[in-house]
Trainee: 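My structure is below; once you've seen it, I'll send some questions.
Please read all numbers here as calculations on a predicted model, not as lab measurements. The basis for the numbers below is simple: all heavy atoms, side chains too, and nothing from hydrogens, waters or symmetry mates.
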Amino acid sequence: MSRSIKTVLSEKKGIADVLGLIWVAMAMVVAVGLVVGNYAILSRQAAQLQTLGQEVTNRAELYAATLNKDLSDPETPGMTRTCSTKPSVCTTILSATPSADGQKTVLRIQGDFISGVGQSITRDLTLVSSDVTHVTSVDANGDKSWARSDEGLHYRIWGLASGEPAVVDPEDVIAPQTGATWLSVTDRAGIDSTGALWVWGKNNIGQAGIGSAGSAPAAPQKVAGTTGFRSVVTADDRGYAIDSRGDLWVWGKNNKGQLGLGHDNEVFAPTKIPNARIMSVAVGKDNVFMLGMDGTLSVAGASQAGFPANSGLRPQVLTPGTKYRAVAASSQGAVATIDSSGRLSLYGSSYPFTPLAGGVFTSVTLGDTAGYAIGTDARVYVWGQGSNGQLGLGSVTTANTPTQLRDVNAVVVSAAKTSAFVIETSGRLFYMGKTPAGTAGGPSLPQVNVPTPLLPESRFRNVSANSGDTSVALLDTASNVYGMGTAAPGLWPMNYQGAGDQPIRMPALEGFAAYVRK
């Protein structure tokens, strides 16, 4: 205002103009106050919106983390309203809409403050899936880093962040130009990159799965009409393979109904048990344990110590209402389970076992005399008899309680009678105990009491040792197959010339790419 009140009063307009000027001044003061007040309110609202946005993002990341907890059998994430205390925010997943190709999922998430006086927002966040094949490392929190190669079983991992997982260094994995490659092998069967099932080996009672019995070991044969397989497990006298639908294919010895077909006749070729929906199997003593995709555990064949007696030749659920994440069995009648909470239990064992207090585990394997489990921290825990150093604890000792194997982070453990094999997260292969080398009658590897590198120049993704210490199958990241054993040179019939003091690299079969590391 450029004029003073005195000047206004000296004019004829008088008091009215003075009052008018005072009213204008007061209005300006009020307006400034409103602006400052509104700015404070808006700032608080902005902070609330930022907090809500972060909590909504956190809820989406939690949804993805739940899906990623078990890539082979994803858990269904919760969508109900959940609340945090600091800050006091609640989030609800209103819908989860997958894309037509299944590669994306749109989450509609609502966030609000518990007090009810703050903001409420609803946002759509998109989860994007990536194709991965194997773990490259595990951090101190047990979180895994995944990568993708042209080989291995493929899984889907979810996240909010865009981009692809790290690709394996070509120096470590040499991709094929033409021909099939091996995805997984045991000492008597394998699955190639087309999903076909191959069988071979000892066949005196038809356990090779080639359609007939014979005195001579069978050469590798592709099982006609079988595709889409993802895993295979074999024993000396039978085999079990799981296809991509979860159907179970079985063959071999069946005198106790251990194939789960409803009869006790031997089966000379892989035969499907339809609608089984199996995630994994463990071969026991005259029985087999089947872990369903829904977490149920079933058994077929002879009754198992520690569980109710079987009532027929068909698979029977052992403990209705209990969910499991892993199972292992031995040819000596022991069975180990890991339930959905990660608790490890042992049944029918000939050696003492005391559970590890607070132990949480993800996988387990049993040899004839010892057990091995991987914890959520990727550490290996061992127990049982170690008279041949197979526990890897530094001496020929025994352990009743699962004991941590020092300085080893593992993704795979396979146990035999007097030995065990470990694949570290880096892909390095170790052995411990007493184990054969490459050929029948050849020198054995030195007995060791600590994890000792084997074929240190290679990196591996699969190892399968049979219960009798007679053969071991190895598969490296370049898809080379190696055999170890006392019964034959390598895994299948072949002409072999060599010293036999190391695992033998098996020749590529017809139609397979010839893999050789640089």
Trainee: Judged by atom type as modelled, is there a donor-acceptor pair below 3.5 Å linking the side chain of Ser414 to the main-chain atoms of Ala465?
Mentor: yes
Trainee: Heavy atoms only: give me the nearest Ala218-Ile210 pair and the separation to one decimal.
Mentor: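 In terms of heavy atoms, the two residues are closest at CB-CD1, 3.8 Å.
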Trainee: Nearest 0.5 Å, please: how far is CG in Leu125 from CG in Leu160?
Mentor: 6.0 Å
Trainee: So, Asn68 side chain and Ala64 main chain: donor-acceptor pair closer than 3.5 Å or not?
Mentor: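 Judged by distance alone, yes, a pair lies under 3.5 Å.
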Trainee: If only atom types and distance count, is the side chain of Ser464 paired as donor or acceptor with the main-chain N or O of Ala473 below 3.5 Å?
Mentor: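 Not at all, since once roles are kept as given, no pair shorter than 3.5 Å links the two residues.
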Trainee: Quick one: are Pro503 and Leu455 in side-chain contact, heavy atoms under 4.5 Å?
Mentor: yes
Trainee: With no hydrogens and no angle check, just 3.5 Å: does a side-chain donor-acceptor pair link Thr234 and Arg188?
Mentor: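 Absent: no donor and acceptor within the cut-off.
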Trainee: Less than 4.5 Å apart, side chain to side chain, heavy atoms only: is that true for Leu127 and Leu107?
Mentor: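 SC-SC contact between Leu127 and Leu107 confirmed.
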Trainee: Could you check whether any side-chain N or O of Arg379 sits under 3.5 Å from a backbone N or O of Asn409, counting only pairs where one atom can act as donor and the other as acceptor?
Mentor: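 Looks like no, no N/O pair under 3.5 Å.
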Trainee: Grab the two heavy atoms, one from Pro402 and one from Phe361, that are nearest each other, plus how far apart they are.
Mentor: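 Scanning both residues completely, I find the closest heavy atoms to be CB-CZ, 4.4 Å.
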Trainee: Is there a side-chain contact between Arg238 and Trp251 (heavy atoms, below 4.5 Å)?
Mentor: no
Trainee: Kindly indicate whether the side chain of Val288, heavy atoms from C-beta on, has any atom under 4.5 Å from the side chain of Leu259.
Mentor: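 No - every pair of side-chain heavy atoms lies 4.5 Å or more apart.
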Trainee: Are any non-hydrogen side-chain atoms of Arg277 and Arg245 less than 4.5 angstrom apart?
Mentor: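 Yes, close enough: below the 4.5 Å cut-off.
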Trainee: Could you grab the distance from atom CG of Leu183 to atom OG of Ser231, nearest 0.5 Å is fine?
Mentor: 11.0 Å
Trainee: For Asn203 and Ala208, indicate whether the former's side chain and the latter's backbone hold a donor-acceptor pair under 3.5 Å.
Mentor: yes
Trainee: Under 3.5 Å, is there a donor-acceptor pair between the side chain of Thr362 and the main chain of Ile374?
Mentor: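 Here the side-chain-to-backbone pair exists.
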Trainee: Strictly under 6.0 Å, is that where the ring centroids of Trp158 and Tyr63 end up?
Mentor: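 Not under 6.0 Å, so no.
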Trainee: Strictly distance-based, threshold 3.5 Å: is any side-chain N or O of Asp243 a donor or acceptor partner for the main-chain N or O of Leu248?
Mentor: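 Side chain of Asp243 to backbone of Leu248: no pair is present.
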Trainee: Quick one: closest heavy-atom pair of Val463 and Val472, and the distance?
Mentor: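 Closest approach of Val463 to Val472: CG2-CG1, 3.9 Å.
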Trainee: Kindly indicate whether the side chain of Ile423, heavy atoms from C-beta on, has any atom under 4.5 Å from the side chain of Arg461.
Mentor: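 When only atoms from C-beta onward are counted, Arg461 and Ile423 do not touch, as no gap falls below 4.5 Å.
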Trainee: May I ask you to check whether Trp198 and Phe229 place their ring centres under 6.0 Å from each other?
Mentor: no
Trainee: For the residue pair Asn466 and Ser471, confirm or rule out a side-chain donor-acceptor distance under 3.5 Å.
Mentor: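 Result is yes, a qualifying pair exists.
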Trainee: Side chains of Ser129 and Gln103: any donor to acceptor distance under 3.5 Å?
Mentor: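 On atom types as modelled, these side chains qualify, holding a pair under 3.5 Å.
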Trainee: Quick check on Lys104: does its NZ atom have over 12 non-hydrogen neighbours (other residues, nucleotides or ligands) under 6.0 Å away?
Mentor: no
Trainee: Of all heavy-atom pairs between Leu197 and Pro270, which one has the smallest distance, and what is that distance?
Mentor: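 For Leu197 versus Pro270, the nearest heavy atoms are CD2-CG, 4.1 Å.
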Trainee: Please answer whether the main-chain N or O of His263 pairs with a side-chain N or O of Asn254 as donor and acceptor at a distance below 3.5 Å.
Mentor: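 Checked: pair present.
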Trainee: Taking all non-hydrogen atoms of both residues, which atom of Met432 and which atom of Leu405 are closest, and how far apart?
Mentor: CE-CD2, 3.8 Å
Trainee: May I ask you to test the Val412-Val422 pair for a side-chain heavy-atom distance under 4.5 Å?
Mentor: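 The answer is no; the side chains never approach within 4.5 Å.
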Trainee: Is the ring pair Phe307/Phe289 parallel, tilted or perpendicular, if the boundaries are 30 and 60 degrees?
Mentor: tilted
Trainee: Taking the side chain as C-beta and beyond, is there a heavy-atom pair between Met293 and Ile278 under 4.5 Å?
Mentor: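 Met293 does not reach Ile278 side chain to side chain.
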Trainee: If only atom types and distance count, is the side chain of Thr319 paired as donor or acceptor with the main-chain N or O of Val317 below 3.5 Å?
Mentor: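 Between the backbone of Val317 and the side chain of Thr319 there is no qualifying donor-acceptor contact (under 3.5 Å).
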Trainee: Is Lys202 paired with Asp237 through a side-chain N to carboxylate O contact shorter than 4.0 Å?
Mentor: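 No.
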Trainee: Does the ring center of Tyr372 lie less than 6.0 Å from the ring center of Tyr381?
Mentor: no
Trainee: How long is the straight-line distance from OH of Tyr324 back to OG of Ser345, given to the nearest 0.5 Å?
Mentor: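 Atom-to-atom, Ser345:OG and Tyr324:OH are 7.5 Å apart.
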Trainee: Can you list everything that forms a salt bridge (Lys or Arg N to Asp or Glu O under 4.0 Å) with Arg123? Sequence neighbours excluded, please.
Mentor: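 Arg123 satisfies salt bridge (Lys or Arg N to Asp or Glu O under 4.0 Å) with no residue once adjacent residues are dropped.
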Trainee: Sub-3.5 Å donor-acceptor pair from the side chain of Trp492 to the main-chain atoms of Asp187, do we have one?
Mentor: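 Side chain of Trp492 to backbone of Asp187, a donor-acceptor pair under 3.5 Å: no, none is there.
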